[in-house]
Undergrad: 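Got a structure for you, written out below as structure tokens; questions coming shortly.
Only this structure's heavy atoms are used, side chains among them; waters, hydrogens and symmetry mates stay out. Values in this document were obtained by computation on a predicted structure and should not be read as measured data. Labels below follow one simple rule: chain letters A, B, ... track the order of the sequence lines, proteins then strands, and each chain is numbered from 1.
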2 protein chains.
Amino acid sequence: MTILRSPAGIPDATVARLPLYLRALDELAERGTDVCSSEHLATAAGVNSAIVRKDLSHLGSYGTRGVGYDVRFLAGHIAAVVGQTQPWPVVIVGAGHLGSALAAYQGFGARGVKVAAVVDADPELIGTTVGGHEVLSIEDLPGIVERDAVSLGIIATPPAAAQSVADALVEAGISSILNFAPTALRVPAEVDLRQVDVAAELQILGYHAHRRQAGSTEEAVIS
Amino acid sequence: MTILRSPAGIPDATVARLPLYLRALDELAERGTDVCSSEHLATAAGVNSAIVRKDLSHLGSYGTRGVGYDVRFLAGHIAAVVGQTQPWPVVIVGAGHLGSALAAYQGFGARGVKVAAVVDADPELIGTTVGGHEVLSIEDLPGIVERDAVSLGIIATPPAAAQSVADALVEAGISSILNFAPTALRVPAEVDLRQVDVAAELQILGYHAHRRQAGSTEEAVIS
DNA sequence: CCCTGTGAAGTCGTTCACAGCG
DNA sequence: CGCTGTGAACGACTTCACAGGG
């Protein structure tokens, strides 16, 4: 008999949407909604309802047919799946504009993230305070990582420094990296790397804007 | 006969990689590389070579068989496709930590983006200077958009304000929005919307980190 | 001979549509 | 009767493998 369906092998696309559902469910809960349909959750999360049902089915989650999902129960379930039962400690490398903004960001707490430390290589910045965190030396990384059992690192440095920072993070034992520097990083296969490139996002938007403008005047000439 | 293959209908996945190629090509050009193979470009951009060739084939771009691609020519061609022949003016809404960091970001210039204005709703912030830009009132949006022909907007406000800001941007005539606020925005279909959610990225990384840790101890119990 | 450009195959994700349960 | 959960159809993207040109 089935006792526990361990949520193994959840598709990446689904995993990427779980945080959206979590956020949407938290909002619904705050507004006093106890139960919601897939349709309801879908609009709150900005996706369509078929995909919500398919995604949730991957977690082996139980809704009630004819009724919907228990908001609090589902939120707790998803939180457990993403390992957000207790906050993840994160180390931010780079105390420039972006690093400071991230260090000061108030929204992390509610999303299961807490800033363990901010480090930088620049002696001028070390010792200053950003977002309530004293900036430490990047030399201290190994100690910080071990002491707070940090497994997530954020790179918020200029591109030229990003690769060596990544190496240092891996060396210190960090296995998940979020990189804001516009560079392709080389990391070992077991390290999980995600990229945020604001300029690239704008260029993608630019492409579509460009097509909208040019679309009417330009014409394809084929054959 | 085929005179011009207008690059219509480029797959979204390809469009999303064009900025990476552009960045990689610019780096190669700076290092004095004149010609590069798909393999070469692939490693510089952090993808694999088959996808580079397929992507470039969508642009109708010409490499030389047995040799590779002319770095400068290809960069110019991609820049033209994404509409980056001249910088896109961008308006940043929200002069908090994140908005300030974006306003001060030095990397936009090289990537075909220029900050046209920074606006905020908070009277305390209006008139201050962030990243060399005087913060203007959000009331001035329509004027700014029209004067500088801005078509890209960045939302860097608290989530509670994001929807009304989006409405204001659309109202002012902006058709492409990059949203940093963790909220699902509702915009007209003709408006292009992209989302950057740092906390969500960290949660995704958290999921994998969680599985790495728990994977060995937990076990699936099926049937 | 090497590297591009591309059909074909394979993989992954989404959407559809409905059976089944509360 | 409504909504979940899911097989099946569909579509998109990636990878393979090789024909073809410089």
Undergrad: Measure CG/A/D55 against C1'/D/dT4 and give the value in whole Å, please.
TA: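 Taking CG of A/D55 and C1' of D/dT4, I get 14 Å after rounding.
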
Undergrad: How close or far is atom P of D/dC18 from atom NZ of B/K54, stated in whole angstroms?
TA: 15 Å

Undergrad: Output yes when at least one side-chain N/O atom of A/N48 is less than 4.0 Å from OP1 or OP2 of C/dT15, else no.
TA: yes

Undergrad: Please report the distance, rounded to the nearest Å, between CG in A/D70 and P in D/dC3.
TA: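 Nearest whole value for this atom pair: 17 Å.
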
Undergrad: Quick test: give all pairs of protein nitrogen or oxygen and nucleotides 3-5 of chain C nitrogen or oxygen below 3.5 Å, distance rounded to 0.1 Å.
TA:
| from | atom 1 | to | atom 2 | distance (Å) |
| --- | --- | --- | --- | --- |
| C/dC3 | O4' | B/G66 | N | 3.2 |
| C/dC3 | O2 | B/G66 | N | 3.4 |
| C/dT4 | OP1 | B/S38 | N | 2.7 |
| C/dT4 | OP2 | B/S38 | OG | 2.8 |
| C/dT4 | O2 | B/R65 | NH1 | 3.3 |
| C/dG5 | OP1 | B/S61 | O | 3.2 |
| C/dG5 | OP1 | B/G63 | N | 2.7 |
| C/dG5 | OP2 | B/Y69 | OH | 2.8 |
| C/dG5 | O4' | B/R65 | NH2 | 3.2 |
| C/dG5 | N7 | B/R53 | NE | 3.0 |
| C/dG5 | O6 | B/R53 | NE | 3.4 |
| C/dG5 | O6 | B/R53 | NH2 | 3.3 |

Undergrad: Looking at A/G83, is its backbone amide N or carbonyl O close enough to the side chain of A/W88 to form a donor-acceptor pair, meaning the two atoms are under 3.5 Å apart?
TA: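 A pair under 3.5 Å: yes.
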
Undergrad: Tell me: CG of B/D12 to P of D/dA12, nearest whole Å?
TA: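 Computing the B/D12:CG to D/dA12:P distance gives 10 Å.
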
Undergrad: Between A/R212 and B/S151, is the side chain to side chain donor-acceptor pair (under 3.5 Å) condition met? List the steps.
TA: CA-CA 11 Å; A/R212 263 195 302 270; B/S151 55; over 6 Å; no

Undergrad: How far does CG of B/L178 sit from CZ of B/R194, to the nearest 0.5 angstrom?
TA: 8.0 Å

Undergrad: I need the NE2-P distance between A/H58 and D/dG5, as an integer number of Å.
TA: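 Taking NE2 of A/H58 and P of D/dG5, I get 12 Å after rounding.
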
Undergrad: To the nearest angstrom, how far is B/I51 atom CD1 from D/dA12 atom P?
TA: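 B/I51 atom CD1 is separated from D/dA12 atom P by 16 Å.
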
Undergrad: Under 4.5 Å between any side-chain heavy atoms of B/V91 and B/D148, yes or no?
TA: no

Undergrad: Between B/R17 (CZ) and D/dC13 (P), how many Å, whole number?
TA: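 Going from B/R17 (CZ) to D/dC13 (P), I get 9 Å.
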
Undergrad: Say whether, by atom type as modelled, one donor and one acceptor occur between the side chain of A/T33 and the main chain of A/A29 under 3.5 angstrom.
TA: no

Undergrad: Taking B/G112's backbone N and O only, do any of them form a donor-acceptor pair with A/Q203's side chain (distance below 3.5 Å, no angle check)?
TA: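 Not confirmed, A/Q203 side chain does not pair with B/G112 backbone.
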
